[in-house]
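Okay, structure first, notes after.
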Amino acid sequence: MNIFLGSEITQPAPNAAAFHIIPVPFEHTVSYGGGTAGGPDAIIEASHQLELFDGQGIPAEGGIYTQEPVRCDQARAEVFGEIGARTLHALSSGAVPVLLGGEHAVSFPAVQAVQQHLRANEPSSNIGIVQIDAHSDLRDRYEDDPHSHATVMRRVFDLGVPMLQLGVRAISPEELSLRAQHPDRIQYIDARPLLRPTGEDARQSIAQRLAPLLEALPEQVYLTIDADGLDPALLPATGTPEPGGLGWYDVLEVIEAVAATCTIVAADLVELAPIAGLHASEFICARLVYQLMGAISRSNISRSS
Ligand SMILES: [Mn+2]
């Protein structure tokens, strides 16, 4: 089996790993360019080119266990059931699940499983979600489908999970009105104010501007990264590219800010649709996953000390 960083590390026991990689090659509802089913394999393959030392430390030291890919040649309800079970397996092993999509729809059963796991211990508790994405994905239905990549955050909203959306630059009137009705449950900084702040905001870093919004979320968060949140000049291999996205250091600053304020209990990276011969996109995704692991490991260390 192809494992994350397989050129550098061997597979630890599932309960001796800080992270579980969960490959989810699910592609049912992609609306424009296809190919997300090839995402997980391409990211894992590209991870073999990573340096173990990420510039600050060795995120792999805590152990990275790669689960078998979720079987996606079943009906959607079965696939979602398996995603939930795999996410719970990671959490009950004491690991942070990191799902590799696949289309964005896969985040819903994973978020549901994380919420369920948390509530098994503390019934009144909740998770929050931080979303890096070009699209808000808040439509109730898309092409008559309640579980499309374009509706995933609406389904998460229905779970009562408060969210922070970052980098959105394509949104419908329906989605804007949901945001306006629920300012306490849907916080956001869209791409232009995030990356080209004006007035007072221009004097503050991304991390400074994010801090009060992150403080307003539950302490434990799920981080979902849609590859199209990044700028397509950097990462063109995604189904619905939008200009004006986050650059590399922007996304690192966001991830580090989230890890500094909240506890990231689960994460995913979705919507990579590899383009043959163009390796930068999958390598950037592999590097992003590894940097995310680094940010999580380092923040856990600083919190426990
Ligand atoms: Mn999305």
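Start at 1 and go down the list; that is how both ligands and their atoms are numbered. Just so you know, these numbers use all the heavy atoms, side chains as well, and skip hydrogens, waters and symmetry mates.
Distances from the Mn ion (ligand 1) to the N/O/S atoms of D133 are shortest for OD2. For D137, the N, O or S atom with the smallest separation from the Mn ion (ligand 1) is OD2.
For F157 and H182, the distance between ring centers is under 6.0 angstrom.
When rounded to 10 degrees, the angle formed at the Mn ion (ligand 1) by OD2 (D226) and ND1 (H104) equals 90°.
The structure places CD of E271 at 12.5 Å from CG of L230, a figure rounded to the nearest 0.5 Å. Note that CD1 of I3 and OH of Y65 are 10.0 Å apart. Values are rounded to the nearest 0.5 Å.
Side-chain contact between Q187 and L217 is present, with heavy atoms from C-beta onward closer than 4.5 Å.
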